[in-house]
A.B. asks: 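Let me begin by handing over the structure; questions about it come next.
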Amino acid sequence: MSVLVDGDTRVLVQGITGHQGTVHTVQMLKFGSKVVAGATPGKGGSVVEGVPVFDSVEEAVARTGANATCIFVPAPFAKDALLEAVDAGIRLAVIVTEHIPFHDMLVMFHYARMKGARIIGPNCPGIAAPGQAKVGIIPNVVFRPGRVGVISRSGTLTYEIVSGIKEIGLGQSTCIGLGGDPVVGTSFVDALPLFEEDPETDALVVVGEIGGSAEEEAAEYIRTHLSKPVVAYIAGHSAPPGKRMGHAGAIIARGRGTAQSKVSALEAAGAQVARFPYEIPSLVRDALAARHAK
Amino acid sequence: MSVLVDGDTRVLVQGITGHQGTVHTVQMLKFGSKVVAGATPGKGGSVVEGVPVFDSVEEAVARTGANATCIFVPAPFAKDALLEAVDAGIRLAVIVTEHIPFHDMLVMFHYARMKGARIIGPNCPGIAAPGQAKVGIIPNVVFRPGRVGVISRSGTLTYEIVSGIKEIGLGQSTCIGLGGDPVVGTSFVDALPLFEEDPETDALVVVGEIGGSAEEEAAEYIRTHLSKPVVAYIAGHSAPPGKRMGHAGAIIARGRGTAQSKVSALEAAGAQVARFPYEIPSLVRDALAARHAK
Amino acid sequence: MVKLAEWRGKEIFRRYGIALPRGRVVRSPEEALSLTESGDIPLPCVVKAQVLAGGRGKGGAVRFASSPAEAAEAARGILGMEFHGETVKELLLEEKLPIARELYLSLTLDRSARLPLLIASAHGGVEIESVAESDLLRLPIHPFAGLSSYEKRRVLRTLGLSGSTAKSVDGMLDRLWRAFQHEDAELIEVNPLAVVGEGVVALDAKVIIEDDATFRHPEYADIRDDRTPLEEVAREKGIAFVQLDGDIGVIANGAGLTMATLDVLQQFGGRPGVFLDLGGTDDPAKVTEAFLLMARAKPSAVFLNIFGGVTRCDTVARGLAAAIAQVPPAERFPLVARIRGNNEEEGIAILREAGITSLHELQESAQAAVAASKGARP
Amino acid sequence: MVKLAEWRGKEIFRRYGIALPRGRVVRSPEEALSLTESGDIPLPCVVKAQVLAGGRGKGGAVRFASSPAEAAEAARGILGMEFHGETVKELLLEEKLPIARELYLSLTLDRSARLPLLIASAHGGVEIESVAESDLLRLPIHPFAGLSSYEKRRVLRTLGLSGSTAKSVDGMLDRLWRAFQHEDAELIEVNPLAVVGEGVVALDAKVIIEDDATFRHPEYADIRDDRTPLEEVAREKGIAFVQLDGDIGVIANGAGLTMATLDVLQQFGGRPGVFLDLGGTDDPAKVTEAFLLMARAKPSAVFLNIFGGVTRCDTVARGLAAAIAQVPPAERFPLVARIRGNNEEEGIAILREAGITSLHELQESAQAAVAASKGARP
């Protein structure tokens, strides 16, 4: 078992005919994902990398049984793409697109939730369960099947960390990149219970950033609900207050959301907090050893 | 047991300080309902018929544990009243107010559904379970505890029919007046399963009207899901096509929603369909006898 | 239900930027002559009766003119016509456009889904009821998401449009949706939506505004094209009053009970001619007014069937007793009364003092009313 | 994040009908003199520096004037001031109103709830961070329901208002909400909201527009009051470029990896001075541009730390190799490179040809970068 995706996940790629859509369709296929359909208005009937393309999501779902979507369409059209997917009955949407206005995302989030659909992202690398399926853009090379779950707000930093886990001979059950935008469809507290319940996951890596309070909320959840060991890392210790560090989410404001506040909360919740990314793999190994020794 | 309300129902009256609000608070109290609070902006601190009045629903809920609301506020303010109730955590709202624009009601309905709250009405007489609780305006005199469930789109016609059931010595488990507006929070197909599952209900009376397709949908549900006997009546056989008969819902358009279409559907579903209201009580008696004879 | 005449609907369309033919409302042949002579309305033009019923084309209420004289002649021919019970008092003069295709679009309510419903068809210009279901696109629109681009693309595929015509319809869909929501419409129908050159034009406009929303739209409160004069008086007094083809008057409370009462009367051979729904009231004066209004409709007999809830029996009885004294002898009619429910005993006592017996059963009282309408004394 | 100067925020407020003091932007003492002499700005008046930092009152960037000469004098005193790193170039001249009370209102985003958040306080005119939590109302507003009347009543109770002042705030809340939504604002803050007579007036306006929404609001795309010149150039080229206080340049991809890189450098005693987030790109030319931009910031050393995903290692290596050849000798600096991930081997090979060794570990490469910044050869 894995989290949210598995061998039965049938992936639709919205925006498959764009450059990124095509490139990552190839990568998803190489990973072993069942990419069953693409959707691009006006491009119905074409084929991209062996994947049939439809004009509408409704048609793609009807014809291929797609049950998850990976959205690459440009920001001004992302809201429409998500609504189309949700209305067509898709219940898992990974939104890779960046720069979606948060006012759009508010509507997307609450609409999807109302209809029982889950969004991962936007501005996220997506989700991957080695040996099962990948919906998103995390490089295939960093993975190796295993029993470590990874949840991260970052993109490339996640690759760095996941790769580090692989380099010491461990592997991942599922890795979710939540995205770093101010409004994300799935936050740490939404993702943590999925890993807690996943019998294939023995330990968790939580990768946070300064800004917002998602890590503090995660800490509270870890403290009260999580039985599995957690290794955490927070990026942005050295970031100057008030400077924008790239992600819209990574702003320190009003004395909340600082790296120190997050680290303290996570430590108080019993998580092992790494000071640097390269410390994570060995902390995970130690946590797994301690868990198995019990 | 009864349907939707019972002895633990704690009723809030929104618009309690208005004439209708006060009159029906008295009637609900006489019925035995626990009317625990009223809410009227600006009238917080006053007392109506022994019931404390609060400025906001939030305060009323916090202070009295109200878990159902009966809304009497005028149509232009009804949407706000409902949103306030739902946001305060109330999960059952009976809206007596008539003339609420359906565009407002669309927002009210979907917002309530999103938050897990049920609306009965608008423009409805509400719900009553004899011996348990009443939330609404159905005259107390027509009731008597018993095992007949009543679901109706009408107001006074419901009283007439419920009263008729009482006059032949039977009684009601729960009676729900759904309201006759084009958009109602609870329709026949929403209410039927509640009665099917209610161990206190042995037979059902369904009172419909021309217009819309709620009765046709009810027939489909009865045919496929209902084990209990159903006696039905449809008002409006003699109504001329296209004439508005009072309820915004009672318009015959496009050959759908005629009395004949509804009667045929209900008969095909196995319901006993009365031609006139005064035939209902004896049909119910027969249905109960047949059920008990089984 | 405020049904708007075509020209009023088009005024709304214009406010929302929906493309229309050039047109003007005229009320006389002279106006038609001068507007076409001056070139304000280009020729050839269309002259359309401003009535609410459909089927104007077949019924001779739409004519074409290619000269000012013909326009005046067409206006003369149509003005004053009786069309399905309406007298034509206004015409819409519009330029005649070169139509490539006729399409259909409407927005209405899907009661079951509790969602606005967009209906589109490539088969416009005919009554939509006659279009095969397979040629209709029915698209529910969620108010929380609004009309999405993907939904508009579905409409465009259904209509078989692309390029700049598609773009023109795309924009119109947004405008129709805005109008539907902001004007609290029950129905907005464009039939036909004409493809003219590279764009589209709304050749007709059917707009129905929700009665209940007129508190937000006082501009519609005065538009009442589809009511008889007595219905209009009743509306001003806040009484639901509908005229039918028969002779028995019915006063009841609540739509369901009113309809059931009509059904029962008809079953016993009666012909309901006017009915009046008191709704919920606790004002005897309103009951009095309603009764006097009923008298003006000159019924052969009146059946009063009240089940007291919000409207208490004693209120009705009091209003009725007061009214009876005020009806002029020439306007008197037989009355059968049945009052039940809240405060039933007080009501019956008040009626008894006024010389009226309240019957108990619906069946017997309906039979009595039918008999009275046919000359028997109740 | 497009932070708007007060006067720009107030222009938006004016468009939405939000009550403001009479005011004008001036850029010279002469303008201040003539506007007060002519009566366009009534006296007494307030002269406010148009800078983005807070604390203008305490910092001497707000002055009062009761004559035209005083207004000109105040303008002369403030224009050209350095205020928290900004040079004052514009002033807002406004009538001074008789203030009865100062309140606080803002709309922002509650990330956890994924809802807009309305914050209100009866304690306005001070930094909201200094107001006790118990004196703040935090009200999440659901976009599907909009700002409801009951929510506005809660705000009015919090502010302790009634009567016509309450009505004035009620209307303002609707307008602020509309502006928040329609302008795609991240923040709208009115502090203080002044009670003046029976109504309220927005004395200050802090508006931040979301960067990502500028495709809908091209009018904001050119407003860039809070960027350094190099940051501005980077923005035009679509590169995230931020200047800090140190001397080491960092080129990375992705916000998280960039921040982690800065953290590690600092840990080893380095002082990051500028960083540049390539984001996701597969265009070597963009990498070249970024590198040349970095050169203009004159770093003591540059640490390139790339984990290839969307941005492939070979793309980065190619762009980097091309750039190095173009850097003028005077602008050269030591470079430490680490490229990992997609197409890692190709990338390393390309760098090797350009004479650059890619290190493998983050720790060793960060240490090397710090050493290089302090004069050691990498």
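A, B, ... follow the sequence lines: proteins, then strands. Residue 1 opens every chain.
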A.B. asks: Quick check: does any side chain N or O of D263(D) sit under 3.5 Å from a backbone N or O of S238(A), one acting as donor and the other as acceptor?
C.D. replies: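 Yes; judged by distance alone, with no hydrogens or angles, the pair exists.
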A.B. asks: At a heavy-atom separation under 4.5 Å, does A113(D) approach chain A through its side chain, its backbone, both, or neither?
C.D. replies: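 Backbone only.
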A.B. asks: Measuring from M108(A):CE to K79(A):NZ, what's the distance to the nearest 0.5 Å?
C.D. replies: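 Here the rounded value is 8.5 Å.
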A.B. asks: Is the distance between the ring centroids of F180(D) and H103(A) under 6.0 Å?
C.D. replies: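 Between F180(D) and H103(A), the centre distance is under 6.0 Å.
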A.B. asks: I'd like to know which of A214(A), P139(A), G164(A) tops the heavy-atom pair count under 4.5 Å against chain D.
C.D. replies: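 Heavy-atom pair counts peak at P139(A).
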A.B. asks: What residue in H19(A), E160(A), H237(A) has the most heavy-atom pairs under 4.5 Å with chain D?
C.D. replies: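 Of the candidates given, the most pairs with chain D belong to E160(A).
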A.B. asks: Between I100(A) and chain D, which part of the residue has a heavy atom less than 4.5 Å away: side chain, backbone, both or neither?
C.D. replies: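 Backbone only.
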A.B. asks: With respect to chain A, which residue among P143(D), P116(D), A185(D) yields the maximal number of heavy-atom pairs within a distance under 4.5 Å?
C.D. replies: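 Top count of heavy-atom pairs under 4.5 Å with chain A: A185(D).
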A.B. asks: What part of I138(A) gets closer than 4.5 Å to chain D, counting heavy atoms only: side chain, backbone, both or neither?
C.D. replies: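 Contact with chain D is absent: no heavy atom of I138(A) under 4.5 Å.
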A.B. asks: So for V142(A), is it side chain, backbone, both, or neither that comes closer than 4.5 Å to the heavy atoms of chain D?
C.D. replies: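 Side chain only.
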A.B. asks: With a 4.5 angstrom heavy-atom cut-off, could you sort out which part of Q27(A) is near chain D: side chain, backbone, both or neither?
C.D. replies: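 When you check distances to chain D, no heavy atom of Q27(A) falls under 4.5 Å.
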A.B. asks: Please report the shortest heavy-atom distance between S121(D) and I128(D), naming the atom on each side.
C.D. replies: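 Shortest heavy-atom separation between S121(D) and I128(D) comes out as CB-CD1, 4.2 Å.
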A.B. asks: For the pair Y221(A) and H225(A), name the ring-plane relationship: parallel under 30°, tilted 30 to 60°, perpendicular over 60°.
C.D. replies: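 Answer is parallel, since the angle falls under 30°.
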A.B. asks: Parallel, tilted or perpendicular: which fits the ring planes of F276(A) and Y278(A), with parallel below 30° and perpendicular above 60°?
C.D. replies: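 Because their plane-to-plane angle is under 30°, the rings of F276(A) and Y278(A) count as parallel.
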A.B. asks: With a 4.5 angstrom heavy-atom cut-off, which part of R271(D) approaches chain A: side chain, backbone, both or neither?
C.D. replies: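 No part of it gets close to chain A.
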A.B. asks: Measure from the ring center of H24(A) to the ring center of F72(A) and say whether it is less than 6.0 Å.
C.D. replies: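 Yes, they do, as the ring centres are separated by less than 6.0 Å.
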A.B. asks: Examine F275(D) together with F241(D) and report whether their ring centres are nearer than 6.0 Å.
C.D. replies: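 No, the ring of F275(D) stays outside the 6.0 Å limit from the ring of F241(D), centre to centre.
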A.B. asks: Of the backbone (N, CA, C, O) and the side chain (C-beta and beyond), which part of Q363(D) lies under 4.5 Å from a heavy atom of chain A, both, or neither?
C.D. replies: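 Interface part for Q363(D): both.
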A.B. asks: Within the side chain of E86(D), is there an N or O that forms a donor-acceptor pair under 3.5 Å with the backbone of A53(D)?
C.D. replies: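 Answer holds: yes.
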A.B. asks: Does K206(D) have more than 12 heavy atoms from other residues, nucleotides or ligands lying within 6.0 Å of its NZ?
C.D. replies: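 Counting other residues, nucleotides and ligands, NZ of K206(D) stays at 12 neighbours or fewer.
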A.B. asks: Less than 4.5 Å to any heavy atom of chain D: does that hold for the side chain of P76(A), its backbone, both, or neither?
C.D. replies: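 Contact with chain D involves both backbone and side-chain atoms of P76(A).
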A.B. asks: Y233(A), F102(A), Y159(A): which one forms the most heavy-atom pairs within less than 4.5 Å of chain D?
C.D. replies: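 Of Y233(A), F102(A), Y159(A), F102(A) has the most heavy-atom pairs under 4.5 Å with chain D.
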A.B. asks: Between D245(D) and chain A, with a heavy-atom cut-off of 4.5 Å, which part of the residue counts as in contact: side chain, backbone, both or neither?
C.D. replies: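 Neither part.
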A.B. asks: For L115(D), is it the side chain, the backbone, both or neither that has a heavy atom under 4.5 Å from a heavy atom of chain A?
C.D. replies: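 It is both, since atoms from each part get that close.
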A.B. asks: Give, as side chain, backbone, both or neither, the part of R114(D) having an atom under 4.5 angstrom from any heavy atom of chain A.
C.D. replies: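 Both parts, heavy atoms under 4.5 Å.
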